[in-house]
Structures are given as structure tokens and as C-alpha cells.
2 protein chains.
Amino acid sequence: MKTLQLTSSDRAILVRSRFFARLPHSTVDAILEGATLSSHEEHDVLFRQGDSIDDVFFVLSGLVRLYRLGKEGREADVAVFPKGEMFAENAMFLGHRVTASAEAAEASIILRLDSRKLRQLAAADPEVAQAIIEHLCHRGKMTEDLLAEDRLLTAPQRVASYILSHCPNGSTSFSFRLPFQKNVLAGKLGLAPEALSRAFSTLRQSGVTVKGRMIEIRDRQALERF
Amino acid sequence: MKTLQLTSSDRAILVRSRFFARLPHSTVDAILEGATLSSHEEHDVLFRQGDSIDDVFFVLSGLVRLYRLGKEGREADVAVFPKGEMFAENAMFLGHRVTASAEAAEASIILRLDSRKLRQLAAADPEVAQAIIEHLCHRGKMTEDLLAEDRLLTAPQRVASYILSHCPNGSTSFSFRLPFQKNVLAGKLGLAPEALSRAFSTLRQSGVTVKGRMIEIRDRQALERF
DNA sequence: CGCTGGGTTGAGGCGAGTCAACGGAAGTGG
DNA sequence: CCACTTCCGTTGACTCGCCTCAACCCAGCG
């Protein structure tokens, strides 16, 4: 872990993100006051379940995995945050205790905001509060989606659903590149890596081709039926 | 479904609830303006996945099940709200489209607040915004808990965890009454009713006795080890 | 008395986790 | 340039947990 300066491209990521995009520049500046920047290698731990945290985190580049710990070192991902996402806001309003661990799933640059300051701003500026509210709604829906998929879909169906969520609507055949290692995808979908692999095999017969991180879909309909 | 008047005991539930307790009476009154009250029988549907909703719901008595639909009529609970809980606030900030269905899991009295009014109030009054934020954080944590338990724990472990969450800390042996039908508990824990039943059987050998809705625990430690 | 509905028990099957072996791609060092 | 390792991913064999379906139990009630 290394401390850095906020570059202009970092700033571009920030102001384009769902959370900051809606706020005026002056407010963004106020939030950024006292923020610190750090770079992390894969597997660097940002915080641990049970820690007391005074920061809110923002992914400027890379990928962060949020997970809970179970018996005998088992881990269950509860969210995965790509570039442009903010997390650990919960702690800010829930006694600063964090209920999950976070680690970089690949080399990442992380911005750490002062949560006390952000909270003050939210109390003073309804626009900030509004932004936080929508952010929380969005996050809540994501988690709910995961929960529902876990409970309703089989492994191949979950993978199909993931693929479809990356499909530009209207196209019948398309392709895209996985934004991260299959390992991470497996975690996000609540699967063992082997199960993800087998799910891809199963989907092959529905017109899905996988080469490295490239996914190619021949027939969208076939996937939806799955 | 039948329309009713807000009784004084209803009001007591309201002002004692996590959400309203923190707000001054005048604010509560403002939120309640234009609210409507209705009573529902078990299995009454309050709204359906995909509906467009202009209300926020509050359970005055009874129990509401929030669930997503899967193929072939399958249902997966994503939350269960007892008396004193508010739900469907997500829709208010996410285009008023609701991503799950809700139905009364037993005879219930439901208060319907005007979501537009609540949103205006949140924009104008930081205290309201704050209350909503904390409410969302709390809900987010609940869902995350469910997801993590689904992924980390077996059926008996989930049941043990549920029982322990109802244990006054410090006591080694205790008992309590299930707040709802086993059917509903099974849904909340993401289990088939039969699986719940078997889980209770398994826990018997760890000192858990079940008679109707009464649960009796002889040895707390044994449960935690499970 | 028989009915109904919630809950339990049993038998069978399927989905996914686990462990182990293997494949190939990229990186390392001679 | 080629052997060697390492790491990610795949495949196979096996196990286990939970779902499904069906039968049954029992309490409440007409």
C-alpha cells in the first residue's frame, strides 16, 4: 500500500460516478477535503469484519471484493465494486462498525473519504443526503438481486442472467469481455470456481462461447429461455 | 381489504418504530398527512413485482412478506416485515417501480404513506433525510445478512443463528415464541418447510425443544458451536 | 365424525461443493 | 531458446445438502 496524489483522470472518474455526478463541483470539493489516496495490490485487505472505520471508500481503479467470514476461513462475497463505486457507507450510519471485510480483487487505487465530514455534509445539504439515499437504494437493490438469484436460479441460470445483464438490449447476438477474473465472478455469483466453469460448459450448447475473458453469445433468446 | 381509521394504538406503534421514533411529532404529522389505512387478510397481495407504486408501506399489525418471482411460479422471500417496519421505500427513489411483490403473511393492518410527500419532506428536512438514510442502512444490512447466511451456513446453522438472534445475551438457557408460522420462517431463511422441520430435528440433539411455536433452548453454547 | 391445514417424516433425485488430477498460458532462469 | 515453475481454469469422481413428492400425524372445527 502506497499513498498517492489525486490525478486529473482520477477526478474524471469521480465526477462521472453515479454518486458524485449529481453534485455540484463545490460540493464535490467539500467532500474531497481531507480525502486520502492509496494504491493496493491484489489481495490487500482494506478492512476486516468487525473493524471500526472512519472512512468511506471509493474505487478509482481496480476492483474491490466485499465479503463475510464463515467458519473455518470460508468467505462469502456480498458485493463486488468496480471502478467508480463507493462502499462502506453503511458503517458511517451504523456505529462505524463494519460487518464485512474488503480486499482488492486486483491492483487498485482507492480513495478514502472522511466519513464524519460526509455525514455532516449530508445533515447540512439536502442534495448530499439525496445522493446518499439514492446510492443506498441502488446498493440495496443489488444485494436483493443477488439474494433472489441465489434462491431462485441454478448455477447456469445465474451465469446466463449475468451475461444478459451485459447485453445491449435489442441485439440478438453480441459479445463482451469479462471485467474481471472468473474466480471473482464465481464469488460474486455465489459459486465455487469449478461450478462456474461447468456452468459455462452447460451454456455452450445454448450458443455461448468462452475464450479467456471473451464471452460470445450467438442467440440471446436461447439464453433467456434458460 | 378494508379502509380504516388510525387508532391511538396504531399511533403508538408508529412513534415507537425505529423510523418514526427519532422524528418530532410535528414531522410525523406532516408525513402522515394523506396516509391511508387498510386491513388485509392472509395472502392479500399489496403489490406485484413490476408495479408502479406511489406509496410507502408501514406495518401497523400483522406481517408482510416481500418476495421475488422465479420461473414456474416459484417465490423467494427477500424480506419479512413485522409490525413496526416500513418498506417499499426503494421504489420512491428508483423510478417508483417495485422489484418485488408483497403480500400479507397473516391478517395485517397496513398504513400507506404518500411517497411523493415523504420525498419532498426528505429534500426539505435533513432530519427526515437522516432517518431515511439510517433506515436504508439497516435494511441493507438485513439483506446482506440473509445473503451471507445463505452462502455460508447449512439449514440447521441458519436456524441456530436465527434462534440465537432472539437470545437475550448473557443467558445460557432461555425460550421464546416464534413470531410467525414456521412456513414463513422457512421462507425467510430460504428453506423449504420440510427442510426447516428437519433442521429443528437436528437441533434437538443440541438441546433445542420445539412445541408448536414455542422454542426452548437448554444450552446456548452448544448452539453457537453448531 | 370427517374435514381441513399446518407440520413432520420418509424415499429418491439433483445440484453444487470438495478434492484431486490435468491442461495450457505466462513468467523465470539457465 | 528451451526446461521449469506457477497460476488459472477445466474436467472427473465422489459426497452431501436440500428440494420434491408423497404419505402421514395431529389439532381445531364444523
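Below, read A as the first sequence line, B as the second, and so on, with proteins coming before strands; counting in each chain starts at 1. Note that these values count all heavy atoms, side chains included, but never hydrogens, waters or copies made by symmetry.
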May I ask you to say what B/L191 touches in the nucleic acid, namely base, sugar-phosphate or nothing, with a heavy-atom cut-off under 4.0 Å? sugar-phosphate
Spell out, as yes or no, whether a donor-acceptor pair under 3.5 Å connects the side chain of B/S108 to the backbone of B/L63. yes
N/O donor to acceptor pairs below 3.5 angstrom from side-chain atoms of residues 167-186 of chain B, sequence neighbours left out:
residue, atom, partner, partner atom, Å
B/S171, OG, B/P168, O, 2.8
B/K182, NZ, B/G212, O, 3.2

From CD of A/Q181 across to C1' of D/dT6 the rounded distance in Å is 14 Å
Tell me whether B/Q49 contacts the main-chain N or O of B/L69 through its side chain, where contact means a donor paired with an acceptor under 3.5 Å. yes
Numerically ordered, the residues 197-211 of chain B set in heavy-atom contact under 4.0 Å with DNA chain C is B/S197, B/R198, B/S201
Within residues 61-82 of chain A, the residues having a heavy atom closer than 4.0 Å to DNA chain D are none
Rounded to whole Å, the CZ-P distance (A/R213 to D/dG9) equals 8 Å
Check every strand shown and say whether B/G212 touches a base, only sugar-phosphate, or nothing at a heavy-atom separation below 4.0 Å. nothing
Quick note, side-chain hydrogen bond (donor to acceptor under 3.5 Å, both in side chains) partners involving residues 144-165 of chain A, not counting sequence neighbours, are A/K141-A/D145, A/E144-B/R68, A/D145-B/R68, A/E149-A/S161, A/D150-A/R158, A/D150-B/R151, A/R151-B/D150, A/T154-A/Q157, A/Y162-A/H166
When rounded to whole Å, the CD to C1' distance for the pair A/Q157 and D/dC19 reads 14 Å
Taken in chain and number order and not counting sequence neighbours, the residues that satisfy side chain to side chain donor-acceptor pair (under 3.5 Å) with A/E75 are A/R65
Side chain to side chain donor-acceptor pair (under 3.5 Å) filter on B/D54, not counting sequence neighbours, yields B/H96, B/R116
Select base, sugar-phosphate, or nothing to describe what A/R158 touches, counting heavy atoms under 4.0 Å on all strands. sugar-phosphate
In short, ring pair (Phe, Tyr, Trp, His ring centres under 6.0 Å) pairs touching residues 58-78 of chain A with sequence neighbours left out are A/F20-A/F58
The first and last nucleotides of DNA chain C lying within contact of chain A, meaning any atom under 4.0 Å from one of its heavy atoms, run from C/dA16 to C/dC19
Smallest heavy-atom separation, B/V78 atom then A/A148 atom, equals CG1-CB, 4.2 Å
note: B/L189, atom CG; D/dC18, atom P; distance rounded to Å ~ 11 Å
Worksheet entry | Flag, side chain of A/K71 to backbone of B/F226, donor-acceptor distance under 3.5 Å | yes
Tabulate protein N/O versus nucleotide N/O from nucleotides 27-30 of chain D, keeping only pairs under 3.5 Å, one per line.
none

Residue pairs meeting side-chain hydrogen bond (donor to acceptor under 3.5 Å, both in side chains), one or both in residues 188-213 of chain A, sequence neighbours left out, come to none
**Asked** Given B/F57 and B/F47, is the ring-ring contact (aromatic ring centres under 6.0 Å, His included) satisfied, shown in steps?
**Response** CA-CA 10 Å; B/F57 294 72; B/F47 52 78; 5.2 Å; yes
Contacts of B/E224 meeting side chain to side chain donor-acceptor pair (under 3.5 Å) (sequence neighbours excluded), chain-then-number -> B/R220
By side chain to side chain donor-acceptor pair (under 3.5 Å), B/S9 pairs with (sequence neighbours left out) B/T7
In whole angstroms, the gap separating P of D/dA23 from CD of B/E194 amounts to 14 Å
